[in-house]
Amino acid sequence: MKDDTVKLGLKPGGPATERPISIAIVAMGGQGGGVLTGWIVALAEAHGWVAQSTSVPGVAQRTGATIYYVEMMRPGEGGQKPVLAQMPTPGDVDVVIASEFMEAGRSILRGIVTPDRTTLIASSHRALAVSEKMAPGDSIADSGAVTEAIGVVAKQEIVFDMNAMAVANGSVISSSMFGSLAASGTLPFPREAYYEVIRKGGKGVEASIRAFDAAHERTETRPPAGAPEPAPTQAALPATLRDKRANALLARLRSELPEQAHEMAWLGLQKVVDFQDAAYGDEYLDILSDLTRADRAAGGEAHGFEFTATATKYLANAMVYDDVIRVARIKTQSARRQRVADEVGLKDDQVLHTTEFMHPRMEEVASTLPVGLANWLKSRKRLYDWLDRRIDKGRRISTYRLSGFLPLHVAGALKGLRRKSLRHQTEAAHRDAWLADATQALPRNYALGVAMLTFRRLIKGYSDTHVRGHSKFEKAMQTTKSIADRDDAAEWARRLLTSAIKDASSEDLDGTIRTIESFRANEPIK
Amino acid sequence: MAERSFAKEVEDLKLGDGDLFRGEGILAITKALLQSGVAYVGGYQGSPISHLMDVLADANDILDDLGVVFQSSASEATAGAMLSASVMYPLRGAVAWKSTVGTNVASDALSNLASGGVTGGAMVIVGEDYGEGSSIMQERTHAFAMKSQMWLLDPRPDQACMVNLIEKGFELSEASNTPVMLQVRVRSCHMTGEFACKNNQRPKVSLREAMDNPKRDLGRIVLPPAAYEHEVEKIKVRMPTAIDFIRDHKLNEFFGPTGEEKTGKTGLIVVGGMYNSTIRALQFLGLCDAYGNSRVPIYVMNVAYPTIKSEVDAFCEGLDAVLMVEEGQPEYIEQSISTILARSKSPTEVHGKDYLPMGGDYTAAVLTEGIGRFLDDHEPAQLGNRAPVPDPVPILTNPAVERLSEVVPARPPGLCTGCPERPIFAAMKMLFEETGTHHVSADIGCHLFSILPPFNLGATTMGFGLGPASAAAFNVKGAKRSISIMGDGGFWHNGLTSGIGNAVFNKHDGVFVIVDNFYSSATGGQDILSSRAENKRRNTNNSIVDAVKGIGAKWVRQVDHTYDVTRMRDVLKEALTTEAEGPKIIVASSECMLNKQRRVKPQVAKAIKGGKRVVKEKFGVDEDVCTGDHACMRLSGCPSLSVKELDDPLRDDPVASIDDTCVACGNCGEVADAAVLCPSFFRAEVTHNPSAWDRFGARFSGSVIRFLQTRREKRAVSFEV
């Protein structure tokens, strides 16, 4: 075995020839990493240690990822000062403090977290990167991958939401991270010394100490790490409901739909009824009953009625389209005001107003009108344009003043006309065509039928965004239909959906379509 | 008002003999200047020198007391030219900037300064922005020192060494009649440490005395024939004098075994700035302890230029091979050492970039690898039992870690929450959806982030204030007009003449956007000519619009509230389509939000506490209205606007959400309106200390609203059990 003790032909400069304690703080600009760094240096210096910190302010600090680095060591015998490094060396860091979870991941990728030395103190909260927010769907990075890697690389891990803890104590994350550092046992300084440093800082001392203590306790007690949050259990369907109209719908749902679809259908049913009325709920169940029959005929039982279960979700979303009436009703709900009041922490002696940023166009107005009238208007181009010029502009509406609330309330009352409107006609026709396509694919390729249902996810947004969503939907649907006879059609359908959701420009989607077209071109003509 | 205040720290600048200074590198540098008896200081901000300029500004009273003149220079060229005060007069002066960019700007002045030479000590402090986290091209300042013959000091990252070298640097400058450059890297500027202080010195000669007794010496002016004589003087007099001074005052250092103890066959030559990392590398290799007691002889060149032949010869005596440790390329010093040893017919081999990488950071890990291989080849016995060096490779190749590289998203810098520049670029991106894209010349400054997602605008960046100039060629009638962008900082730095003046003169048809946020914001919020704050030491409130009109621009529009996205878009559109000839200039003005918040927040808090009626605003999103298509994100990138997962099983995609850091700049709502995105954004307005009228209005409308709400909600189908 290799002797890995270091034998130096030197007179020792100090009691030992060990290396300094090294601490890297990985953070995003503006997160207060500098404050924490200052505290750590002050802590070491207060004990006669030699400490040195370095950082890179400037552009990196403008919300980008940045790193602060501290080294500390006792002076040698005779006061000899250690030579301290200015940057962490991969594989040679004692403590890594990450102020955000993906930054913890980045520190692992930099190689500064290693199982022989490193205590990783990381806040589990996320601050999303621009790339995660930009995608027209879900593109949030998988925190699970970081958790898994931490399990492999860290000698000691201290991971919890230090941001939430700090906020709950009226402080900022540097305080809770300092508390965790103190409790981690990695530095040879007493707890009181940490308080002393915070007090000397002079700003928000009480709150900082509260957050420090909370984090210290949380770190010491160590609730089982990584215990998964209990999955939200779906409330089972209630036996009966007080409202007769609702009760009747519930009874229908129970008797006509397969059990596997019940939970989602229950949520979907509430959504559509809330959008329109009980009759609309019946329509929802009518359609689902038809789909269930088709599902069963296609051997759905063996698939756990996945087709119907998927339809319950996307049909509800298709039926609850976003029109002016819906927006007006949401904005004027009593629960909504309460939610805003909670969000801003409204106190009794304060007055709350909200300003809505609306930009209706003639198109939205016309489509709310009854079909005949809407089409008549659309055929009178000059009149339509004249009206559009009056309507198409940004409107600021103060919801909790009568001047704003009343128009919104009236717009919400147009619900009664909705099912006769042009918009409803368009939506219903689109919905029926979509379901027909999916149902048609079902007998030959069950998975394909299910995948076609999920295309509905592409239709969202308002105005131009909505139009783009529709165009993506059409592209995905047409391409899928063109390869419907292939065994792997469902797989390709899923890829089409994924590429459409990850990229707003629809370049990815077009790329996938080109791939499909290229292999179709090479197939022998049947 | 700068981003960071050093008001408290500058008190340490008053420390005197025997006191121990403890703090950041930039403060130590400032203290060293005061201990050296400078008569004047100037400079231009830019990381890592921004904070040095902020320290000087905050220390203005202390400087006044000592009779030191401090100026925030208009550009590095101005700062460089300022050193001309030391040409005729025995005045010590120092200027500072970010290098190599600042040195590029100043090089004309520096060449002239170096040619004529100086009487008083003249020092240029350059913040060498090289390596990880740098915001500029990767080059070395070394070349400037060599070509103009200025002595380049590169002290060990140790405050005592830095301070000593600054003091000695002035003496060196005076002894050799040559300006010196002191190079400090980013991490050294922001490195904490300590040193023993001396008393501050008043300048031996004051500027006033110099001005009252003007002097002229044709021999110091760069004009033929003096210019030719300068070159001879540089070679025959100044360089030899400098070499003697550097050797006699032991500015360079020798560590490790010397004399009898120097029995090994190899040695390291290290520029000062690389010393700490080298020591750590030697530690990893088992050749040194934490206190710098090394088994390998080390020659530390705190003076990176010129190379001192006698010291090199002496150090290499008896060694088979030396390794030169200098970061960046090309390997100027290695070449110089090779020349010296070749001329001495020394058998010592010179190595450097053959063992160490040509470019990139010389981290301890990189040095450990390079020095290890060097020793392996030339003196393997030194490596002894080969202590294990830190090795992250086994961890980095673990599948769980490898998978991470696909998961962890890049986090490029971006515009701050509430930045007034965001709506400008949102408007431009929106307009491009309509008109197709145009060529966009970008510039240095916060607005450079418009190049990155989500905006993805901007094709080039050529230098500070050169955005408009870099569109100069794109002057073709009838083509899609080019757009160039520059900030107010760049505008006053040189853009007024190099960009706008040039465009007026050449009848350029393009669009020129000047982003006016009232400060030099990217460098930390320093005041500039057009700043709207009152600054008792500077003349502010000079209008950019007046300036461009004064230089001859005719088509000038000012948008005095950039958050008005619709107007911003319309003005841009007009600029791109108007028949008017010549440059179309848009001055887009709104205050930098970082600075505004720093200014306004305490005022608001005080007003609320004092019982005054204050309306506080914050934006929000109605999550039932948001459909999760994130179109708003693609026009924003605001840190406070994010997405969140809903616990609604019916919804697949996360919806927009605004966190507590929102400063209610209004961009979200304006963009949603201008781009006709969606009605989910709202602005919540909370009235603190409401008036009786406020309360009455809220009570009255509240009761009507509640009545209507209750009536509607009672009628709805209830799913309550």
Original post:
Atom CZ of A/Arg326 and atom CG of B/Asp624: how far apart are they, to the nearest 0.5 Å?
Top reply: 6.0 Å
Original post:
What's the shortest heavy-atom distance between A/Ala145 and B/Val407, and which atoms?
Top reply: CB-CG2, 3.7 Å
Original post:
Just checking, is any N or O donor in the side chain of B/Thr687 or A/Gln350 under 3.5 Å from an acceptor N or O on the other one?
Top reply: no
Original post:
Non-hydrogen atoms of chain B under 4.5 Å away: do they reach the side chain of A/Thr399, the backbone, both or neither?
Top reply: backbone
Original post:
Does A/Arg396 come within less than 4.0 Å of B/Asp673, counting only side-chain N to carboxylate O?
Top reply: yes
Original post:
For chain A, which of B/Cys189, B/Pro392, B/Cys419 has the most heavy-atom pairs under 4.5 Å?
Top reply: B/Pro392
Subject >> Ionic contact status for A/Arg339 with B/Asp622, cut-off 4.0 Å >> reply: yes
Subject >> A/Pro20 side chain near B/Arg280 side chain, heavy-atom distance below 4.5 Å >> reply: yes
Original post:
Between B/Arg403 and A/Asp142, is there a side-chain N and carboxylate O pair less than 4.0 Å apart?
Top reply: yes
**OP:** Check each atom of A/Arg117 against the heavy atoms of chain B and say whether the ones under 4.5 Å are side chain, backbone, both or neither.
**Re:** neither
Original post:
Ion pair present between B/Asp653 and A/Lys460, side-chain N to carboxylate O less than 4.0 angstrom?
Top reply: yes
Subject >> Toward chain B, the part of A/Val146 with a non-hydrogen atom under 4.5 Å >> reply: both
Subject >> Side chain, backbone, both or neither of A/Leu352 within contact of chain B (heavy atoms, under 4.5 Å) >> reply: both
Subject >> Residue A/Arg361 versus chain B: region with a heavy atom under 4.5 Å >> reply: side chain
**OP:** Heavy atoms only: give me the nearest A/Met73-B/Ala290 pair and the separation to one decimal.
**Re:** CE-CB, 3.4 Å
Original post:
Relative to each other, are the rings of B/Phe619 and A/Phe357 parallel, tilted or perpendicular (30° and 60° limits)?
Top reply: tilted
Original post:
Would you call B/Leu677 and A/Thr465 a side-chain contact if the rule is heavy atoms closer than 4.5 Å?
Top reply: yes
Original post:
What part of A/Thr332 lies closer than 4.5 angstrom to a heavy atom of chain B: side chain, backbone, both or neither?
Top reply: both
Original post:
What's the verdict on side chain to side chain contact (heavy atoms under 4.5 Å, CB included) for A/Gln80 and B/Asn293, showing C-alpha distance, side-chain angles and the deciding distance?
Top reply: CA-CA 10 Å; A/Gln80 219 181 348; B/Asn293 299 307; 3.3 Å; yes
**OP:** Against chain B, label A/Leu128 side chain, backbone, both or neither, depending on which of its atoms sit under 4.5 Å from a heavy atom there.
**Re:** both
Original post:
Given that the side chain runs from C-beta out, which part of A/Lys347 has a heavy atom under 4.5 Å from chain B: side chain, backbone, both or neither?
Top reply: neither
**OP:** Please report the C-alpha distance between B/Glu685 and A/Thr354 in whole Å, then the side-chain angles of each, then the deciding distance to 0.1 Å, and finally whether the side chain to side chain donor-acceptor pair (under 3.5 Å) criterion is met.
**Re:** CA-CA 6 Å; B/Glu685 298 128 15; A/Thr354 65; over 6 Å; no
Original post:
Can you say whether A/Asp322 sits under 4.5 Å from chain B via the side chain, the backbone, both, or neither, judging by heavy atoms?
Top reply: side chain
Subject >> Contact origin within A/Thr240 toward chain B - heavy atom pairs under 4.5 Å >> reply: backbone
Subject >> B/Asp158 CG to A/Lys81 NZ distance, which is reported to the nearest 0.5 Å >> reply: 5.0 Å
Original post:
Under a 4.5 Å heavy-atom cut-off, does chain B meet the side chain of A/Ile140, its backbone, both or neither?
Top reply: side chain
Original post:
Which one of B/Asp391, B/Asn689, B/Asn398 has the most heavy-atom pairs closer than 4.5 Å to chain A?
Top reply: B/Asn398
**OP:** State whether B/Lys618 and A/Glu343 are salt-bridged, where the test is any N-O pair (Lys NZ or Arg NE/NH1/NH2 against Asp/Glu carboxylate O) under 4.0 Å.
**Re:** yes
**OP:** Check each atom of A/Ala341 against the heavy atoms of chain B and say whether the ones under 4.5 Å are side chain, backbone, both or neither.
**Re:** neither
**OP:** Would you give the length of the straight line joining atom CZ of A/Arg106 to atom OG of B/Ser405, rounded to the nearest 0.5 angstrom?
**Re:** 12.0 Å
**OP:** Decide salt bridge (charged side-chain N to carboxylate O under 4.0 Å, His left out) for A/Arg336 and B/Glu623; before the verdict, give the C-alpha distance in whole Å, the side-chain angles of both, and the deciding distance to 0.1 Å.
**Re:** CA-CA 10 Å; A/Arg336 189 261 188 173; B/Glu623 55 193 42; over 6 Å; no
Original post:
Can you list the steps and then say if A/Gln86 with B/Ser277 is a side chain to side chain donor-acceptor pair (under 3.5 Å)?
Top reply: CA-CA 7 Å; A/Gln86 298 181 296; B/Ser277 297; 5.5 Å; no
Original post:
By a 4.5 Å heavy-atom criterion (distance strictly below it), what part of B/Ile705 contacts chain A: side chain, backbone, both, or neither?
Top reply: both
**OP:** Check whether A/Val167 gets within reach of chain B through its side chain, its backbone, both or neither, counting any heavy atom under 4.5 Å.
**Re:** neither
Subject >> Contacting moiety of A/Val153, where chain B heavy atoms sit under 4.5 Å >> reply: both
Original post:
Quick one: are B/Gln709 and A/Gln333 in side-chain contact, heavy atoms under 4.5 Å?
Top reply: no
Subject >> Residues A/Lys313 and B/Asp652 bridged, charged N to O under 4.0 Å >> reply: yes
**OP:** Count the heavy-atom pairs under 4.5 Å between each of B/Gly637, B/Ala364, B/Gly628 and chain A, then report the option with the highest count.
**Re:** B/Gly628
Subject >> Which atoms of B/Glu713 approach chain A - backbone, side chain, both or neither, heavy atom under 4.5 Å >> reply: side chain
**OP:** Measure the spacing between CG of B/Leu708 and CG of A/Leu402 and express it to the nearest 0.5 Å.
**Re:** 8.5 Å
Original post:
How many angstroms lie between atom OG of A/Ser139 and atom NE2 of B/His630, to the nearest 0.5 angstrom?
Top reply: 9.5 Å
Original post:
For B/Pro390 and A/Pro90, which heavy atoms make the closest approach, and how far apart are they?
Top reply: CB-O, 3.5 Å
Subject >> Salt bridge flag under 4.0 Å for residues B/Glu132 and A/Arg110 >> reply: yes
Subject >> Heavy-atom check, side chain of A/Leu267 versus side chain of B/Pro649, under 4.5 Å >> reply: yes
Original post:
B/Met633, B/Arg706, B/Arg695: which one forms the most heavy-atom pairs within less than 4.5 Å of chain A?
Top reply: B/Met633
Subject >> Interface moiety of B/Arg187 toward chain A, non-hydrogen atoms closer than 4.5 Å >> reply: both
Subject >> Among B/Val676, B/Asp694, B/Val401, B/Val643, residue most engaged with chain A (heavy-atom pairs, under 4.5 Å) >> reply: B/Val676
Subject >> Side chain to side chain, A/Thr89 and B/Phe284, heavy atoms closer than 4.5 Å >> reply: yes
Original post:
Can you find a pair of side-chain heavy atoms, one from A/Val83 and one from B/Tyr275, that are under 4.5 Å apart?
Top reply: yes
Original post:
For the atom pair OH (A/Tyr400) and OG (B/Ser701), what is the distance rounded to the nearest 0.5 Å?
Top reply: 11.0 Å
Original post:
Under a 4.5 Å cut-off applied to non-hydrogen side-chain atoms, are A/Pro115 and B/Ile395 in contact?
Top reply: yes
Subject >> Where B/Pro690 and A/Val351 come nearest, the two heavy atoms and their spacing >> reply: CB-CG2, 3.7 Å
**OP:** Determine the minimum heavy-atom distance between A/Val344 and B/Ala684, stating which atoms define it.
**Re:** CG1-CB, 3.8 Å
Subject >> Heavy-atom pair of closest approach, residues B/Ser642 and A/Lys133 >> reply: CA-CD, 3.7 Å
**OP:** Between chain A and each of B/Pro48, B/Ser188, B/Pro257, B/Ala675, count heavy-atom pairs under 4.5 Å; write down the option with the most.
**Re:** B/Ser188
